[in-house]
Protein chains: 2
Amino acid sequence: MKRHILLYGLLAGVLIVVLRLIEYRYLIATRSVEIYGGLIAAVFAALGIWLGVTLTGRPERVVVKEVSVPAASTFVADPARREALGITKRELEILELMAAGMSNKEIADHIFVSENTVKTHASRLFEKLGARRRMQAINTAKGSGLIP
Amino acid sequence: MKRHILLYGLLAGVLIVVLRLIEYRYLIATRSVEIYGGLIAAVFAALGIWLGVTLTGRPERVVVKEVSVPAASTFVADPARREALGITKRELEILELMAAGMSNKEIADHIFVSENTVKTHASRLFEKLGARRRMQAINTAKGSGLIP
DNA sequence: CCGAAAATCATACCAAAGGGTGACTGTGCA
DNA sequence: TGCACAGTCACCCTTTGGTATGATTTTCGG
């Protein structure tokens, strides 16, 4: 961007010089040397800049730096994916605890509800995920990016 | 590198012009306009090039391209890790099928053994992995790099 | 404020998982 | 040859998981 600004500025300068040359054409006879010199200076400065920019301008070097980006650490739960499957926040919570290897009873104690409630959530979860077992539910949930 | 060669070449040209100017100093009186013009041209061309090079010369841009290096695809089952835990090949086989979300019955049908056999393997597996449930076994196995 | 969705809980039932024990058969190694 | 070990299988029992149904309360948007 900087380059463009510079070039446009210089073009404007050249234009002004040209305009002044035309406007004060009658001065050529009396002050031809100054005008001639200025014109040459402007033209060659522009030429020099053009040369400097085009001939020495290096192509952008793209250094591909392979960075191992662990998918787990960059994981962010996005509600869109969750709601696309019609899974509620609470159900997702239970899903995560199930994925952590907790039993229904442990989950129940962890979130302060009864085991029956956990079972109900789990059942709905399996239905929505098309799974018939814990493991399948967790696998498909991972495949859908629902959990890390 | 190209830029340096160009600069040196132009400097040499300017030097030649200056030398010629000094050498043929006596011509100033008669051909002052041409010499003056040439000098201005050379100086401003050099100035332009310098401007073009220094002001618009882009620094080398390092583009960090984050390439997701999937650790899962590069996973290779190494027997050392397996034997360190005293887990047999057959047990690992069952572990993998369990991780795929298969039930004991499905695993049994898959490897052509009875469900009881699968249960026995599973029990030994849980004991060796210090797990009390399928999920825990799979989680610890993943943590140990036993399975992807 | 009202109704739908979500969350909660219970009860009953059946399937699956897991623990424990014992037994039989290859395979390989001392 | 005999022993250790992996693999196989069976039986029994308990725990956990999953389904079905019904009900109550909470929450939230129109």
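Atom-to-atom, NE2 of A/H121 to C1' of D/dG17 comes out at 16 Å; the value is rounded to the nearest Å. The distance between atom CG of B/L85 and atom P of D/dA6, rounded to the nearest whole Å, is 14 Å. Spacing between atom NZ of B/K89 and atom C1' of D/dT8 amounts to 17 Å, rounded to whole angstrom units. Protein atom CG of B/N116 is 14 Å distant from nucleotide atom C1' of D/dG7, rounded to whole Å. One interatomic measurement links the two molecules: CE of B/M135 to P of D/dG18, which rounds to 10 Å at whole-angstrom precision. B/I111 has its CD1 atom 10 Å from the C1' atom of D/dG7, to the nearest Å. Distance CD (B/E93) to C1' (D/dA6): 13 Å, rounded to an integer number of Å.
Between B/A99 and A/N139, the closest heavy-atom pair is O-ND2, 3.1 Å. Of all heavy-atom pairs spanning A/L125 and A/L95, the tightest one is CD2-CB, 3.7 Å. Residues B/A137 and B/L129 share a closest heavy-atom pair of O-CD1, 3.7 Å.
Residues forming a side chain to side chain donor-acceptor pair (under 3.5 Å) with A/E127 (at least two apart in sequence, or on another chain): none. Legend: residues meeting side chain to side chain donor-acceptor pair (under 3.5 Å) with A/T117, ordered by chain and number and at least two apart, are A/S114. Looking at residues two or more places apart in sequence or on another chain, you find a side-chain contact (heavy atoms from CB on, under 4.5 Å) between A/K89 and A/R82. A/K119 meets the side chain to side chain donor-acceptor pair (under 3.5 Å) test with no other residue; sequence neighbours excluded. Annotation: salt bridge (Lys or Arg N to Asp or Glu O under 4.0 Å) contacts of A/E115 (sequence neighbours excluded): none. Looking at residues two or more places apart in sequence or on another chain, you find no salt bridge (Lys or Arg N to Asp or Glu O under 4.0 Å) involving B/R124. Shown here are the side chain to side chain donor-acceptor pair (under 3.5 Å) partners of B/K105, two or more places apart in sequence or in another chain: B/D109.
Judged as a side-chain hydrogen bond (donor to acceptor under 3.5 Å, both in side chains), the pairs with a partner in residues 129-138 of chain B (not counting sequence neighbours) are, in order, A/E106-B/R133, B/N104-B/R134.
Counting any heavy atom pair closer than 4.0 Å across all strands shown, A/T88 reaches sugar-phosphate atoms only and no base atom. Within 4.0 Å of B/S114, counting heavy atoms only, lie sugar-phosphate atoms of the nucleic acid but no base atom.
Counting only heavy atoms from C-beta outward, the side chains of A/R90 and A/V113 approach each other to under 4.5 Å. Taking 4.5 Å as the limit, every side-chain heavy atom of A/K128 sits out of range of all side-chain heavy atoms of A/L85.
Interatomic distance, CD1 of B/I111 versus CE of B/M102, reported as 9.0 Å (0.5 Å rounding).
In the helix from C/dC1-D/dG30 to C/dA30-D/dT1, the terminal helix axes, each the rotation mapping four pairs' C1' atoms onto the next four within five end pairs, subtend 50°, rounded to 10°.
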Show the distances under 3.5 angstrom between N or O atoms of the protein and N or O atoms of nucleotides 19-30 of chain D.
unit_1, atom_1, unit_2, atom_2, d
D/dT19, OP2, A/S123, OG, 3.2

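The outermost nucleotides of DNA chain C lying under 4.0 Å from heavy atoms of chain B, listed 5' to 3', are C/dA17 to C/dG19.
Across residues 98-108 of chain A, A/S103, A/N104 each have a non-hydrogen atom less than 4.0 Å from an atom of DNA chain D (numbered order).
In this model, the phosphate group of D/dG17 is approached by a side-chain N or O of A/R134 to a distance below 4.0 Å at OP1 or OP2.
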